[in-house]
Amino acid sequence: MFDRKRLQAQMVLVGMNVKEVSTALGINETTFYRKMNNDGDFSRKEISQLVEILKIEDPMIIFFADEIA
């Protein structure tokens, strides 16, 4: 299960907003918001890019969380 709050927290930690992250991923903001709200899934490629862009140390707790924080 995807943990939206942790992803948002990581975005804040690295000082990026939705527009910057979606641009870095090569998708539009609407698509990014939709995926963040569980109306779609991040692809493996997008997860890999997010890990790099947002400097995520443990992607398992964000993208494959057992419980939502």
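A quick note: this is a predicted structure, and the numbers were derived from the prediction, not measured.
Q49 places a side-chain heavy atom less than 4.5 Å from the side chain of E46. Within the 4.5 Å cutoff, the side chain of R4 has no heavy atoms near those of the N38 side chain. In this structure, L7 and F2 have side chains that are in contact, with non-hydrogen atoms separated by less than 4.5 Å.
Among all heavy-atom pairs drawn from V21 and M11, the shortest one is CG2-CE, 3.9 Å. What you find for F32 and L50 is that their closest heavy atoms are CE1-CD2, 4.3 Å.
Using modelled atom types, one side-chain atom of N28 and one backbone atom of T30 make a donor-acceptor pair closer than 3.5 Å. Judged purely by atom type and a 3.5 angstrom limit, T23 uses its side chain to pair as donor or acceptor with the backbone of K19. For the pair E20 (side chain) and N17 (backbone), a donor-acceptor distance under 3.5 Å is present.
One distance of note links CZ of R6 with CZ of F63; it measures 12.0 Å at 0.5 Å rounding. Separation of atoms CE (M36) and OG (S22) is listed at 10.5 Å; rounding is to 0.5 Å. Distance CG/D3 to CD/Q8: 9.5 Å, rounded to 0.5 Å. One finds the OH atom of Y33 at 11.5 Å from the CD1 atom of I27 (value rounded to the nearest 0.5 Å). Going from atom CG of L25 over to atom CD1 of I47 covers 10.5 Å, rounded to the nearest 0.5 Å.
Cluster membership for I62 and M60, using ILVMFWY side-chain heavy atoms within less than 4.5 angstrom, is shared. Cluster membership for L13 and I56, using ILVMFWY side-chain heavy atoms within less than 4.5 angstrom, is not shared.
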